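Notes follow the structure.
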2 protein chains.
Amino acid sequence: MILDIARRMLVDHGYRGLSMDRIADATEYSKGTIYQHFTCKEDLVIALSIQTMAKREEFFKRAAQFQGRTRERIVAIGVAEDLFVRLYPHHFRSEQIVRMSSLSEKTSPTRNDALEAIERRCLATVAEIVGEAIAHGEVTLRDGMNAEDICFTLWCMTLGAHTLMASEIPLAKRGVRDASKALRFGTQYLLDGMGWQPAMHAFDIGATVARIREEIFPEETALAFGPRNGEKLTNGRRHPSMS
Amino acid sequence: MILDIARRMLVDHGYRGLSMDRIADATEYSKGTIYQHFTCKEDLVIALSIQTMAKREEFFKRAAQFQGRTRERIVAIGVAEDLFVRLYPHHFRSEQIVRMSSLSEKTSPTRNDALEAIERRCLATVAEIVGEAIAHGEVTLRDGMNAEDICFTLWCMTLGAHTLMASEIPLAKRGVRDASKALRFGTQYLLDGMGWQPAMHAFDIGATVARIREEIFPEETALAFGPRNGEKLTNGRRHPSMS
DNA sequence: GGCTATTTTAGACAGGTCGTCGAAAACTGA
DNA sequence: TCAGTTTTCGACGACCTGTCTAAAATAGCC
């Protein structure tokens, strides 16, 4: 309950507007009580992060189970992350705060470890798909890169994209009309560049995304885009010229 | 002078250790004087960001002038960013603070605009290379992407990578031994994936990087890696099998 | 019910920070 | 020497985090 109120406060008034006094006020408890649950303000923010990261982990785990080729399952992870960001837009703010003042002396190690563990499991979920792809010969390691390095590049791309999208930089005014689309294709280019089979133009990504949304994230898709599954996927070609 | 002291304070003691009182103390001025130069604490941090961003702009402009094919010039931008991050490691911290509490009511619009302008010029520098590559036919736009979208994907990748590297996440323990290397190759994969000529294996990237460092950033390279230009570039193959 | 022990809660308090403001000091120019 | 102007100063109010003791609520037992 405390976390729910704190989250709303963070979303509405930013980090500066998040004060322990005001939380105490809003929860009808007093400060002493709040501080019995959280060692400090950052600890509370970490607790918020843990909640959303747990959701992300769930999304990733579900996405990884999509029935399809490894490349499609990577796309599924992308869909999961996209939905996650849409449904929990405040997460990045919390994450930024955590990143900024973590290592922070006072935060309870228990929570810190918990957060780290979830993050690690998220990464492992992706690494597993990469490993499988390597085993199946759908991608081949080159240049001294390993599976984790591959994950890292994907991670960089999505993290960077969402950081920029969540920031106040007016991307549209910088000529980037549809950042989500750019991210989607950028990821595909990256996968193509590492030679991950099947190549981008060899399958219908739009159809795959639609299937993932229907089969794995029906409710989340409805929540994020409205019940009519409104977003139009501009995917270049919808009918692949090669099968 | 104020900024120099503030920067050192930020680097040494983090954002929490950066206090206006302590700055006043260290500068031998008083708080009132400090506040005549900066409207608030964030304004001061923005001023720090402007200084480093100006340096980044200079680096980018110089990199863009590298004599070579467009793809090599993109590599030059990568080298510039790499050196920039190495020489001004605190920049990301400031940037994060700015991002977090920007839009912030009180920061002087002058500085905000100045920072935005520099950032825009950095992006434009890259966009220009992309435009030239398109004009030369070294890369072809597909999937409804434009030059800015291409820049965006590159931006995402580097931003994400440096955010992760600057964070306290122990990448090495996550299996990412050399994040810089992973970023370097990830970028190449991305360029390959968009079909940017010449492809990665068709030229000696290591040699290009060495040339860029020698010709464009000799002093900066010495500062960042020591006078012996110590970093070994693990570039898969050093002697290209195809010319 | 009555009574004690334990847990939970409350909110005053100390320490610290940001940002303001009127007064003091320094400087300028004749 | 002196009036006008600019710069500097540091005390002050408001706020926020985190602590700590006293009061309230609860549980356990007869």
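Just so we're on the same page: letters track the sequence lines, and every chain starts at 1. Just so we're clear, the structure is a prediction, and the values are computed from it rather than from any experiment.
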Inset, instruction - Would you mind reading off the distance between A:Leu44 atom CG and D:dG18 atom P, rounded to a whole angstrom? - result: 10 Å
Inset, instruction - Verify the contact: side-chain N or O of B:Thr39 to OP1 or OP2 of C:dG19, cut-off strictly under 4.0 Å; return yes or no. - result: no
Inset, instruction - Taking only the side-chain heavy atoms of A:Tyr35 (C-beta and beyond), determine which of D:dT7, C:dT8, D:dG18 contains the nearest atom. - result: D:dG18
Legend entry - Residue of the set A:Thr39, A:Asn112, A:Asp43 for which side-chain hydrogen bond (donor to acceptor under 3.5 Å, both in side chains) holds with A:Thr107: A:Asn112
Legend entry - Whether B:Arg93 side chain and B:Tyr15 backbone form a donor-acceptor pair below 3.5 Å: no
Inset, instruction - Measure from NE2 on B:His37 to P on D:dT6 and round the result to the nearest Å. - result: 15 Å
Legend entry - Between C1' of C:dT17 and CE of B:Met9, the distance in whole Å: 14 Å
Legend entry - Exam field: side chain A:Lys181 to backbone B:Asp149, donor-acceptor pair closer than 3.5 Å: no
Legend entry - Aromatic ring proximity A:Phe217/A:Phe59, centre distance under 6.0 Å: yes
Inset, instruction - Ignoring hydrogens and angles, tell me if any N or O in the side chain of B:Arg62 forms a donor-acceptor pair with the backbone of B:Ile216 under 3.5 Å. - result: yes
Legend entry - Proximal nucleotide (of D:dG18, D:dT8, C:dG11) relative to the A:Ser30 side chain: C:dG11
Inset, instruction - May I ask you to say whether B:Arg7 pairs ionically with B:Asp4, meaning some side-chain N is under 4.0 Å from a carboxylate O? - result: yes
Legend entry - Whole-Å distance separating the CZ atom of B:Arg16 from the P atom of C:dG15: 18 Å
Legend entry - Donor-acceptor under 3.5 Å (B:Arg22 side chain, B:Gly17 main chain): yes
Inset, instruction - Starting from P on C:dT20, measure out to CG on B:Asp43 and report it in whole angstrom. - result: 12 Å
Legend entry - Integer-rounded Å distance: C:dA26 P and B:Tyr29 OH: 13 Å
Inset, instruction - Using the closest heavy atom to pick a nucleotide of DNA chain D for each, name whichever of A:Ser19 or B:Lys31 lands nearer the 5' end. - result: B:Lys31
Inset, instruction - Among D:dT7, C:dT8, D:dG18, find the nucleotide with the atom closest to the side chain of A:Lys41. - result: D:dG18
Legend entry - Near-strand residues of residues 20-28 of chain B, defined as heavy-atom separation under 4.0 angstrom from DNA chain C: B:Met20, B:Asp21
Inset, instruction - Look at all strands and tell whether A:Ile34 reaches a base, only sugar-phosphate, or nothing, counting heavy atoms closer than 4.0 Å. - result: nothing
